[in-house]
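So that the names make sense, note that chain A is the first sequence line, chain B the second, and so on, each numbered from 1.
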Amino acid sequence: MKKYIILALSLLTVLGCAQFEELKGVSEVKPLTTGITVTTNTVDASVPRPDSYTVRFINYDEKLDISAQTDAAGKVSVSNLIPGRYNVTVSAEVAHSGFTYYYSGTLTNKIITSDTSLSIDVAASKAGALVFKEIYFNGSTGYYFKDQFYEIYNNSDDVQYVDGLCIGTLMPATASTTIYNWIVEDGHPENYVYLGAVWQIPGGGTDYPVKPGESIIIAQGAQNHMLIKETSPVDLSKAEFETFMVNQTVNPDNPESVNMTLKIDFNVLGTQWLSSVFGCAYVIFFPDREFDNATWVQPDGYTTKAKEFPIDCIIDAVELVNNATKINQKRMPTILDAGATFTGATYTGQSVSRKIRSTKDGRNLYMDTNNSSDDFQVNEVAVVRRDGVGAPSWSPAAK
Amino acid sequence: MKTNMKRYFLISVMALGIALSAAAQGSTTDYPARVELVKVQSAWFHSSNAAGLSIDPLARYNDLSFGYSLGRGDFRLQPEGNTNSLDIATSGATSLGRGQVWGSFNYRNLSAKDTRFNTMTLNLEDDLPFIVSDANVSPWKKQRYDMSMKAATPLLGDLAALGISANYFTESGAKQVDPRCTDYEYGITAEPSVVFQFGGHTLGLTGTYRNGGVREVPVNSNSQQDQVAYILRGLGNYTDAVVGSLSGISTFYYKRNLYGGALQYGFGGRGLKLLAEGGYSYQLVDAFQTPTKPQRMGSTIQQKIFGKAQVLAESETVLGKVTVEGFHRTTDGVEFLQELGVEWQTIDKNIRSHYDLWHLALGYDFFRKGEVGYSWMAGVRGAYDEHNDKYILPASEMTYKNVTGELYAKKNWLIGDVTVLAGLHGAFRKNLGAVYQYGGAEPTSVIILEFYHKDFEYKTAHCWKGGASVNVAFPIGGRTAMFCQLEGDYLKPLYLESKRLFAKLTVGFTF
């Protein structure tokens, strides 16, 4: 017994010494200063430049959000930063010839531990016409998830046709500490998003017009879920589209709702399209190529499969994570979504929806700054076509 | 290992008890007042140096008690709650050959209701900020075993004696409302010591090593509802978290190591004892999350210098004791910037917070000796505490100074062979200044408004405390006395509506 006690105390003493060694020389934290230079190397010369850019340093761990305006040369120095992990975003908008141009650039998860200088190249894009307006992904009490839906809104001044529009989810399906380093042929993985599931709206090109201020609903299952599960907050029986899985009989088909086509299925969906109740990263896009399920890409060291699509194709993107602690685990390129939104809980009937920016001719214009941390709000209850938004004339909801 | 250690300690304590009981046969009755006086009379017993018992032995005693106590009222730290506890305690001292031994064993089963803002921590420490908090009101259940011993060799060659003090405790507990946890904590302290005697003068040296560990496992009963939690970092700064789902916080665990040492000087002669002690300790506590992929949640580096002096003057009829003690404890809170690869790698680390505490206390106790220990005693005690806590970036500050004065007295009546020991005490705490300035990002959060501000109110309130106790003891054979003791305390702040009541009923034996 005595020798065991002596041995244990000796071992604990040695381990204790190692523990002390790890903190040797640690010093007191000091505020840091970082210089920013904004460049527009990839923006066409014909696009007007803003007078200045807004630079934001966001540290989610510290709840630190410091903004500064650059000078005309695109330079600014930001002080009082705490050492840590930052998303640095640059944004500006310029109205010109009836269009609004959004400038944006981002450095994601940039570690800043000393005074430094950073350069950020920004890209310019016109405001997106179709946007995610509401996403109800986290299901309702009783582990019910078949009432998930996605509302897509025409935020522009022109009629948009959703024929051929695709909705997809990025891999990994749930925000994770695992970092995927995707391997692509051209050696530029930063130029793509990596999709595990893609559904496409059918149509000949002009079958499904959506007027300004109207929206469409994509339902996992176009049913009145309030009748199926009393805790569900939504009736989706009038949804324009549903992600109906063929070759299964578990979930019924609603003949009034147009069935979308499953184009990519690396998630191996089974009987329904269950997108993670913990929050997926969603994109909508018009594909620039034919779908080919026979090829895929994989991250270095992992067997996960995904299809790569250029970020230039993406019309709108929203990063959804479980809660605030997961924002640093973004999957979405920050050029598409510099932030993330979340409900913080599962199976609560909550949804996220885009905030109203302004109204024009009696219709809502929704915020679309490519930063869902700013653009989205959390709703206690999911609502189909919130804010009195209209349905297209061809929709079952309009009949 | 854990079970074996517990078993060995229990066996040791039981063996000691049996040995002492055997020694007790056929002697006069030991009443509670005598046991109380015995503990006061040994100055070295109240030092960290067990070897000193060879010079200043604790007189033989034993006690065993069963207590039930409760604490009610809102004038308290919110994590404390309203408490009910069952305590079993035993201790004893005797000579083994020419050596000296002392041992104790304590068991506590505690139920707390209406606790708030402590999700996973069994024992909160004011200089260990890296804990998890939540705003739900919840009960807690805790159970603790605590075992201590001191042993000293005889004075070898009339020059030196060796000694050892040790403590081992284990504690388990669980929070009862989502977000819940199940916890386990242990601590081992070993203090080898030596004394050298030169005439009436004594020099002592103690080394201290402490090792501890905590494991806290979060869980929700309702797996459909994630629970909001806050990973605290100091003075109200926190990181958002949840308990539940794939992204919920994982097992927290803590590692503690402490090294320390102390020097003592003692003098004894003709009814006078003097003992002065000064020491230093260096402690490091590391907080981690997820044992299979350890992520650092913070560390504290604590340094402490302490001093204590006791002067005892004793005659056949009276005993007077002056005690002066104080310490300065300074703790740095270190936070880590980590990145996950195959494992969490530290990219940067900084001291982000400081916790500074000065404590000074001065006390005087007087005992008029009597037939059964003492006939009456009175005492006065004053204390000064100064906290200076800072979070460096974003700058936050919590400072407060309190001075406390306390008076107490007991009278011991012998009626036939029954003793009635009754006591009264009163104390007043005056706050000499307090500032809490939060400079972080969430000044309107529940953590700041409900937790930190309200607990700060408690820590800095002027308040008084009054209480009484009565102990009735009677012999039941041999040296053994059985006693029943009732204690009550009432705590009331001057300018707040809240109050606090403590009560305890104890039944026990001294022998």
Interface check, chain A: of I392(B), V228(B), I249(B), T239(B), most non-hydrogen pairs under 4.5 Å belong to I392(B)
Which bit of Q338(B) comes within less than 4.5 Å of chain A, counting heavy atoms only: side chain, backbone, both or neither? backbone
Chain B contact via T346(A) - side chain, backbone, both or neither, heavy atoms under 4.5 Å: both
If we only count heavy atoms from C-beta on, is the R352(B) to I82(A) side-chain gap below 4.5 Å? yes
Under 4.5 Å from a heavy atom of chain A, the part of I301(B) involved: side chain
Would you indicate whether Q437(B), at its atom CD, is surrounded by more than 12 heavy atoms from other residues, nucleotides or ligands within a distance under 6.0 Å? no
Please flag which part of E339(B) lies under 4.5 Å from any non-hydrogen atom of chain A: side chain, backbone, both or neither. both
From the list R256(B), Q227(B), R233(B), the residue making the most non-hydrogen contacts under 4.5 Å with chain A is R233(B)
Name the region of R296(B), side chain, backbone, both or neither, that has any atom closer than 4.5 Å to a heavy atom of chain A. side chain
Residue pair E28(A) / N350(B), side-chain heavy-atom distance below 4.5 Å: no
Spacing of CG belonging to L393(B) relative to CG belonging to N80(A), to within rounding of 0.5 Å: 7.5 Å
Could you check whether atom CD of E125(B) has more than 12 heavy atoms from other residues, nucleotides or ligands sitting under 6.0 Å from it? yes
Flag yes if more than 12 heavy atoms outside K110(A) fall under 6.0 Å of its NZ atom; otherwise flag no. no
With a sphere of 6.0 Å drawn around NZ of K255(B), does it hold more than 12 non-hydrogen atoms of other residues, nucleotides or ligands? no
Just checking, is any N or O donor in the side chain of Y143(A) or S223(B) under 3.5 Å from an acceptor N or O on the other one? yes
Largest heavy-atom contact set with chain A, pairs under 4.5 Å, which of D226(B), I231(B), L284(B): L284(B)
Would a 4.5 Å heavy-atom cut-off, applied to side chains only, mark I351(B) and S27(A) as touching? no
Check: F342(A) and V242(B) side chains under 4.5 Å, non-hydrogen atoms: no
Most contact-rich option vs chain A, by heavy-atom pairs under 4.5 angstrom, among V334(B), D240(B), L258(B), is D240(B)
Heavy-atom count around D300(A) CG within 6.0 Å, excluding the residue itself: above 12? no
Run the side chain to side chain contact (heavy atoms under 4.5 Å, CB included) check on F336(B) and L23(A) step by step: do they pass? CA-CA 11 Å; F336(B) 297 82; L23(A) 287 177; 3.6 Å; yes
Beyond-backbone contact of L337(B) with I111(A), side-chain heavy atoms, under 4.5 angstrom: yes
